[in-house]
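So the structure is just underneath, and the comments pick up after that.
Just so we're on the same page: letters track the sequence lines, and every chain starts at 1.
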Amino acid sequence: MNKLITKIGNLQFENPTILASGIMGEDAGSMNRIIASGAGGIVTKSIGIIPRTGYPNPTFVELEHGLLNAMGLPNPGIDAFSEELQQLTKTKTPIIGSIYGANSEEFINLAQKMESYKVDAIELNVSCPHAKRFGLEVGSDPVLLQEITNAVKQSVHIPVFVKLSPNVTSIADIASAAEKGGADAIVAINTVKAMKINIELQRPILANKIGGYSGKAIKPIGVRCVYEIAERVQIPIIGAGGITDGKDVIEYIMAGATAVQIGSAVYYRDIDVFKKICNECTTWLHEHNVKKLSELVGVAHT
Amino acid sequence: MNQPRITEICSIKKEAENIFSIAFDDPRDIKPGQFYMIWIPGVDEIPMSVSSITDTTKMITFRILGDATKALASLHTYDKIGIRGPYGNGFTIAGKSLLFVGGGTGVAMLAPAVEEALRKKIKTTVIIGTKTESEIFFDQRLHQQGAHVLITTDDGSRGIKGFASDLAKDILEKEQFDGVLTCGPEIMMKKLLTVCDHLNFQASLERYMKCAVGICGQCCIGEGMRVCVEGPVFDKQSLKKFFDFGIYTRDASGKKIKF
Ligand SMILES: Cc1cc2nc3c(=O)[nH]c(=O)nc-3n(C[C@H](O)[C@H](O)[C@H](O)COP(=O)(O)OP(=O)(O)OC[C@H]3O[C@@H](n4cnc5c(N)ncnc54)[C@H](O)[C@@H]3O)c2cc1C
Ligand SMILES: Cc1cc2nc3c(=O)[nH]c(=O)nc-3n(C[C@H](O)[C@H](O)[C@H](O)COP(=O)(O)O)c2cc1C
Ligand code: FES
């Protein structure tokens, strides 16, 4: 029996490890490689209306306990992206199309195109910490977020996930707004706003100066966010942030997540990280006499 | 830790028309074929292959193309740059006789590989192919170390008139080689691959790079092979599998650009 099988609404994932947006998700070849390496699902790079080159380099730097990036949402635009999705190998692995926009109209347009490209769900990226106009400006305003979520829900027939930022006063309030807007699941969290200054040159390393922090260092923040959200909403939560091994997955599940997304761990443990983490989860469940991972969802809430 | 180390420029030298070399302090080991990310503060961070290796200093050699390379060429001794790396794999240098084919600036990154081959007492032939005579560099350096250096120019201003890949084809028909190592325009390398079916073949590829550590996915080719991690040097078996090799590359947004 597969102890790791996970369901979010009607979508079935062979295991709970989903590739997070922005990591190896920009072209068909990369996505095919990630599917072959055992991910339970994949989220595409966040796609917008028109092509974006992103910020100039440096866009990436490794810090002591995590990774800092300000890619600036580079993507070829929704029209060019259809070709990539057409070239995906046919599998049962759910494909989630991530989109970002500046207003409801853009989000609707993007979501409808994604649906026509046959993705299994839509993820609204309203949480990029370093893209002006897009991202956090939408995701920190509950009224706007509810309106956009609702507009997208009305315009497509596939599930809509909303990915939230920890860079807000109350992530639970924002999650609640997304739920009211009709979201099918919450994804938490996107990266945490952060900065690195090179003291030798007395200047920030990233060309954009401020970036998003990911990896091990942000796991406690992600777990806290998932926990708080789980106390407020009824819809499933997909946990993300610093998940690097099987125990991290178990912790997120206990906080209230149904599935998880994995990004930076691709850097720490390479592309077969999905298989490795699944094996670690299975071993843990076996050692602790737990029949199914799903039995652990939210058990830390007493 | 994958973050820029600040280092001072030891020397800067003009090699040919629009081509410059910069040497800087770096005691780390680097293999021929590997590359650095070079941070020009306030301008950009770009990938550059190592073009000369000593224990204490390393060199990069580049053509002025745009903002970053223009800024690099205008730096002076003692100016500071950031370097990260070395990244990627390098060439495997083995056999009794090797043919190196460098198109354009490609010879810059082949040079330390040629020198390693010579140190290993491998019989070494180098073809340097450029558009015109003023763009030729490193021919003296490699000749003096004992390589057999041949030159082609598109306009016939020096050496044999024609493409480096055509000369390589002629030579491969006449002489025995154990392997061909190449760097240059992708179309040239693809042509070369078709005449090297019976040989060990290694080519160094270029793709737009951002993270250089295999996470952002910007530099992928074929089925998700990362030029920054699994490359930039690929062997014949891998190259043959890349449906996009010699067909298209991608710009900074990920949009396809046909060659
Ligand atoms: C692994 C690797 C090793 C390289 N080694 C050398 C070398 O030894 N000598 C040399 O002259 N050139 C080398 N290049 C190419 C060099 O990085 C680009 O020509 C350089 O970045 C141009 O920058 P620019 O700002 O001057 O030009 P721009 O005007 O910004 O761009 C001109 C062209 O350069 C390329 N480019 C720009 N930024 C990047 C980037 N971040 N990553 C990849 N390509 C980019 C693009 O194709 C672009 O169209 C290498 C590239 C790679 C991927
Ligand atoms: C290089 C990089 C690029 C990213 N790009 C996106 C993106 O385009 N859209 C998005 O929603 N999140 C993006 N993220 C955030 C991740 O999807 C994820 O939410 C975050 O990194 C936390 O998870 P992790 O610690 O497992 O990496 C990016 C993260 C990284 C490191
Ligand atoms: S440059 Fe980021 S994966 Fe290669």
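- Atom CG of B/D67 is surrounded by 12 or fewer heavy atoms from other residues, nucleotides or ligands within 6.0 Å.
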Starting from the C-alpha separation in whole Å, work towards a yes-or-no answer on salt bridge (Lys or Arg N to Asp or Glu O under 4.0 Å) for B/R250 and A/E26. CA-CA 11 Å; B/R250 289 176 192 269; A/E26 197 166 297; over 6 Å; no
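- Residues B/P4 and A/I205 form a side-chain contact, since some pair of their non-hydrogen atoms from C-beta on lies under 4.5 Å apart.
- Across every non-hydrogen atom of A/S264 and B/I215, the tightest pair is CA-CD1, 3.8 Å.
- Within 6.0 Å of NE2 on B/H198 lie more than 12 heavy atoms contributed by other residues, nucleotides or ligands.
- Closest approach of A/P76 to B/G254, counting heavy atoms only: CB-C, 4.0 Å.
- Nearest heavy-atom pair, B/M1 versus A/E64, reported as atom, atom and distance to 0.1 Å: SD-N, 3.8 Å.
- Between A/E200 and B/R5 the shortest side-chain heavy-atom distance does not fall below 4.5 Å.
- Atom CZ of B/F163 is surrounded by 12 or fewer heavy atoms from other residues, nucleotides or ligands within 6.0 Å.
- Heavy-atom contacts from other residues, nucleotides or ligands closer than 6.0 Å to CD of A/Q202 number 12 or fewer.
- Per-residue heavy-atom pair counts under 4.5 Å with chain B were compared for A/A207, A/G263, A/P74, A/P58, and the maximum is reached by A/P58.
- Taking both residues in full, the closest heavy atoms of B/E223 and A/N32 are given as OE1-CB, 3.4 Å, listed atom of the first, atom of the second, then distance.
- Looking only at heavy-atom pairs under 4.5 Å with chain A, the residue among B/G42, B/A68, B/G82 that has the most is B/G42.
- In this structure, chain B has a heavy atom under 4.5 Å from the side chain of A/K196, while its backbone stays farther away.
- In B/K255, the NZ atom is not crowded: 12 or fewer heavy atoms of neighbouring residues, nucleotides or ligands sit closer than 6.0 Å.
- For B/D251, no part lies under 4.5 angstrom from a heavy atom of chain A.
- In this structure, B/C220 and A/R33 have side chains that are not in contact, with every pair of non-hydrogen atoms separated by 4.5 Å or more.
- At a 4.5 Å heavy-atom cutoff, the contact between A/L63 and chain B is made by backbone and side-chain atoms alike.
- Within the 4.5 angstrom heavy-atom criterion, only side-chain atoms of B/M37, from C-beta onward, approach chain A.
- Atom CG of A/N57 is separated from atom CG of B/D44 by 5.5 Å, given to the nearest 0.5 angstrom.
- Contact of the B/Y208 side chain with the A/T53 side chain is not registered, since no non-hydrogen atoms from C-beta on lie closer than 4.5 Å.
- Nearest heavy-atom pair, A/P51 versus B/S253, reported as atom, atom and distance to 0.1 Å: CB-OG, 4.2 Å.
- Residues A/D27 and B/G217 approach most closely at OD1-O, 4.2 Å, considering heavy atoms.
- Of the two parts of B/K80, only the side chain, counted from C-beta on, holds a non-hydrogen atom closer than 4.5 Å to a non-hydrogen atom of chain A.
- B/I6 touches chain A through its side chain: at least one heavy atom from C-beta onward sits under 4.5 Å away, while N, CA, C and O do not.
- Within a 6.0 Å sphere centred on CD1 of A/I199, other residues, nucleotides and ligands contribute 12 heavy atoms or fewer.
- Of the residues listed (B/Q3, B/R84, B/E45, B/Q218), the one engaging A/F60 in a side-chain contact (heavy atoms from CB on, under 4.5 Å) is B/R84, and it is the only one.
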